[in-house]
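Here the structure comes first, spelled out in structure tokens, and everything after it is commentary.
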Amino acid sequence: LFGLFLGYGELTREYTISAKEKYYQDIILPLEGPLTPEKEELILAENARFQEAFDQISQIEALVLEGTLSQAAGEDLKAQWAAVTAFYPAFTRVLQQYDRIQAQEGCLIYDTGYLYLLGKQNKSFPVHLLLLSLCCIFAFGNCLAMEYQSGAWRLLNASRQGKNRVFLRKAGICALAAALFSWIPFVCRAIKLSSLFPMRGLGFTVTNIPAWGSFPLPVPTAAFLLLFILSQAASLVIVTLGVLLLSMWRRDHIQTIFFSALIFAAPLVLMLLGFDFAKWFSVYPLYTWTAMG
């Protein structure tokens, strides 16, 4: 249920598509894939249009300085060309990919959806990890302590399975549960984002996305996403196993929750309060390694 609430929050999250983003989306989507002469011609023609606008603005400013053109008339003329140059920052994202392809082989790709999905433009990851960690702490904090507090281990030790097998099975079930609900926010976020920011090119190498252009392994984007969701699952599994070990050590439900919160939740709270160094005392770097750097 906790994972479903997080998933619902992702499905109902509002994303604003600015005019510049809409322009970038409209220009890059038809260009996706390997660079062809036709695509290159379109990119160069658009770049020439922007350069003409910048040149016109420079000429107008020179005329104003010379006194040939009044300040008011100059501002009116500049406003017409400024409406064109306003979209140049979005076009530079296309140029960045074009320059990379000129230097090395690759493909053009619309990357905004991936930036949100993998955390480059999504600041909710620390909150998600904190909430999921607290969920693991409260869900599994009594998983082993209950047998100690009730004295059930004396019976379980005498059973055919024995204490060790019971512990391993409990740990396996808890770890699987933690891994599964760690994926719910990711899946719901992917569904929501794909409806607004098309995420194609899963077969393209992830280094085609500028944000991860320096990734050392030339793996497909789909494999990169798989690594990401596995690392998020591993983060929650580590938290869960840590809670179980504390539960076995303290043999008390309340003490397990207290020490688990101190170890796994407190660093995240400190990080959210602005103490960035605290993230290195948590599983946060593993949970959101795609957004770091």
Side-chain angles (χ1 to χ4, degrees), residues 1-11 123-189 228-289:
L1 287 176
F2 199 91
L4 291 175
F5 280 124
L6 283 175
Y8 176 77
E10 288 294 335
L11 287 173
K123 305 303 180 184
S124 63
F125 279 19
V127 176
H128 279 185
L129 180 58
L130 175 61
L131 295 176
L132 290 171
S133 297
L134 289 173
C135 179
C136 292
I137 291 169
F138 284 105
F140 308 131
N142 198 33
C143 193
L144 297 180
M146 59 190 296
E147 276 83 2
Y148 286 108
Q149 290 181 296
S150 64
W153 279 131
R154 289 192 292 270
L155 294 174
L156 293 172
N157 278 332
S159 66
R160 179 176 298 177
Q161 291 188 357
K163 180 178 179 180
N164 291 336
R165 183 173 290 184
V166 170
F167 172 76
L168 291 176
R169 287 190 176 183
K170 279 196 172 190
I173 292 172
C174 293
L176 180 61
L180 289 176
F181 71 69
S182 73
W183 293 337
I184 294 176
F186 174 85
V187 173
C188 294
R189 187 166 62 252
F228 173 68
I229 61 175
L230 289 177
S231 67
Q232 290 204 320
S235 302
L236 269 295
V237 169
I238 290 172
V239 172
T240 298
L241 295 180
V243 171
L244 293 178
L245 289 174
L246 288 169
S247 179
M248 185 173 63
W249 172 49
R250 299 312 303 167
R251 304 184 181 185
D252 181 84
H253 183 204
I254 302 301
Q255 290 190 39
T256 299
I257 291 177
F258 172 77
F259 283 105
S260 297
L262 190 64
I263 294 172
F264 297 112
L268 297 172
V269 173
L270 289 173
M271 188 183 70
L272 289 170
L273 291 174
F275 300 96
D276 195 58
F277 69 89
K279 67 185 178 184
W280 301 110
F281 298 94
S282 68
V283 296
Y284 180 77
L286 177 62
Y287 185 81
T288 184
W289 57 273

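In what follows, every heavy atom counts, from backbone to side chain, and hydrogens, waters and symmetry copies are set aside. The structure presented is a predicted model; accordingly, all values stated were derived computationally and were not measured. For reference, positions follow the sequence shown, starting with 1.
Side-chain contact check for I238 versus L286: some heavy-atom pair is nearer than 4.5 Å. Taking the side chain as every heavy atom from C-beta outward, Y284 and P126 approach each other to under 4.5 Å. Between I184 and L6 the shortest side-chain heavy-atom distance does not fall below 4.5 Å. C136 is listed as a side-chain neighbour of F181, based on a closest heavy-atom distance under 4.5 Å.
Note that the CG atom of L246 and the CG atom of L241 stand 11.0 Å from one another [nearest 0.5 Å]. Between the CD atom in Q232 and the CZ atom in F186 there is a gap of 7.5 Å [rounded to 0.5 Å]. From Q255, atom CD reaches atom CH2 of W249 across 8.0 Å, with rounding to the nearest 0.5 Å.
For the pair C143 and S247, the tightest heavy-atom approach, listed with the atom from each and the gap, is N-OG, 4.3 Å. A pairwise comparison of heavy atoms in T240 and A175 identifies CG2-N, 4.1 Å as the closest pair. Looking at every heavy atom in both residues, A179 comes nearest to A233 through CB-CB, 3.9 Å. The shortest non-hydrogen separation linking W183 to I229 is NE1-O, 2.9 Å.
A donor-acceptor pair is defined here as one N or O able to donate and one able to accept, closer than 3.5 Å; such a pair exists between the side chain of S133 and the backbone of L129.
The aromatic rings of F228 and F125 sit parallel to each other, their planes meeting at less than 30°, with 60° as the upper class boundary.
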Can you give me every donor-acceptor pair (side chain of residues 256-275, partner residue at least two apart or in another chain, under 3.5 Å) with its distance?
{"residue": "T256", "atom": "OG1", "partner": "D252", "partner atom": "O", "Å": "2.7"}
{"residue": "S260", "atom": "OG", "partner": "T256", "partner atom": "O", "Å": "2.7"}

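E10 and H128 share a donor-acceptor pair across their side chains, judged by distance under 3.5 Å alone.
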